[in-house]
Amino acid sequence: MIAAQPVPPLFRGLVVRIGSWSWRIVPRVLFVAISISAALAALSFATLMYGTLDLSLGEVWRALNGEGTPAAVRSVQNRRLPRLITAIGVGGSLGVAGAVFQTLSRNVLGSPDIIGFTTGAATAAVVQIVFFGGGVLQTAGAAVLGGMLTALLVYALARKDGVSGGLRLVLVGIGVGAMLSAVMSFLVYARISTTPPWCSSGRPVR
């Protein structure tokens with residue numbers, strides 16, 4: 001018989017209640033969050049400081065306020081800062097999307113590439129290029145539509161007794177992704193001279 005082990009205080013956390021709202025604060029999670037935030041702040045300032053034009057921390061701060069030399073202000077405000085904000089936004093969005101995806105699928109393997117959504121998007125893009133022309137907007141639209149249709153297909157096939165998720169969703173997604181990957185590989189080998197860089201390998205087809 002296996003006895004339940006007590007949860008250490010470090011993982012138990014503290015529950016804070018304000019009216020009808022409550023939050024559980026776990027010291028270990030709080031420490032990790034603070035450490036990651038500090039590392040992100042340090043890397044952000046390093047990104048603003050170093051490049052073709054190296055700047056000191058004081059010069060970066062003055063450039064953020066619109067002061068300093070015109071070259072420093074232009075480099076920080078027009079080039080480095082927009083790229084930094086975009087990188088943080090995209091990275092954070094991908095992290096949140098991955099956490100939500102794994103929560104909904106109730107499986108740590110739940111990710112768009114494993115469940116077949118990425119393959120569906122790539123296959124739709126290849127179909128657009130082969131049969132309808134390879135315009136940038138048209139290919140991007142086909143990829144988005146293909147990913148959405150693949151998601152709906154996997155969700156519908158994995159649904160059983162009104163529930164869709166867990167291991168069944170992962171297995172169905174892997175199967176659908178394998179079939180779509182075969183279709184994409186056939187079209188690439190038959191109609192396209194080189195594999196597009198957003199496909200699985202990006203190596204020339206021989």
Engineer: With a 3.5 Å distance limit and no angle check, can you tell me whether Arg168 reaches the backbone of Ala158 through a side-chain donor-acceptor pair?
Structural biologist: yes

Engineer: Looking only at heavy atoms, which two atoms of Leu180 and Gly116 are closest? And how far apart?
Structural biologist: CD1-O, 4.5 Å

Engineer: For Ala72 and Ala63, work out which heavy atoms get closest and say how close.
Structural biologist: O-CB, 3.8 Å

Engineer: Any chain of hydrophobic side-chain contacts (each under 4.5 Å) joining Tyr155 to Leu152?
Structural biologist: no

Engineer: How about Thr150 and Thr119: do any of their side-chain heavy atoms sit closer than 4.5 Å?
Structural biologist: no

Engineer: Any side-chain heavy atom of Leu64 sitting closer than 4.5 Å to one from Val76?
Structural biologist: yes

Engineer: Could you list the cluster mates of Leu94? Members are the ILVMFWY residues connected by side-chain heavy atoms closer than 4.5 Å, either directly or through other members.
Structural biologist: Val90

Engineer: Judged by modelled atom types alone, do Thr47 and Arg80 share a side-chain donor-acceptor pair under 3.5 Å?
Structural biologist: no

Engineer: Quick one: does Phe31's side chain get under 4.5 Å of Ser35's, heavy atoms only?
Structural biologist: yes

Engineer: I'd like to know if the side chain of Gln128 and the backbone of Ala143 have a donor-acceptor N/O pair within less than 3.5 Å.
Structural biologist: no

Engineer: Please report the shortest heavy-atom distance between Leu55 and Leu48, naming the atom on each side.
Structural biologist: CD1-O, 4.3 Å

Engineer: Answer yes or no: is there a donor N or O on one side and an acceptor on the other, between the side chain of Ser185 and the main chain of Ser181, under 3.5 Å?
Structural biologist: yes

Engineer: Going only through I, L, V, M, F, W and Y residues with side-chain contacts under 4.5 Å, is there a path from Tyr50 to Leu53?
Structural biologist: yes

Engineer: Same cluster for Phe45 and Ile85 if Ile/Leu/Val/Met/Phe/Trp/Tyr side chains link at under 4.5 Å?
Structural biologist: yes

Engineer: Report the distance from atom OG of Ser75 to atom CG of Asp54, rounding to the nearest 0.5 Å.
Structural biologist: 9.5 Å

Engineer: Going by the rule side chain to side chain contact (heavy atoms under 4.5 Å, CB included), which residues pair with Val144 if we only count those two or more places apart in sequence or in a different chain?
Structural biologist: Met148

Engineer: Looking at Ala124 and Ala142, what are the two nearest heavy atoms and their distance?
Structural biologist: CB-O, 3.1 Å

Engineer: Verify the cluster assignment for Val60 and Leu84: are they in a single hydrophobic cluster under the rule of side-chain heavy atoms below 4.5 Å apart?
Structural biologist: yes

Engineer: Where is the tightest heavy-atom contact between Met184 and Ala122, given as atom of each residue plus distance?
Structural biologist: SD-CB, 3.5 Å

Engineer: How long is the gap from CZ on Phe117 to CG on Leu153, to the nearest 0.5 Å?
Structural biologist: 9.5 Å

Engineer: Could you measure the distance from the CE atom of Met179 to the CD1 atom of Ile174? Nearest 0.5 Å is fine.
Structural biologist: 12.0 Å

Engineer: Same cluster or not: Phe131 versus Val126, using hydrophobic residues (I, L, V, M, F, W, Y) connected whenever any side-chain heavy atoms lie under 4.5 Å apart?
Structural biologist: yes

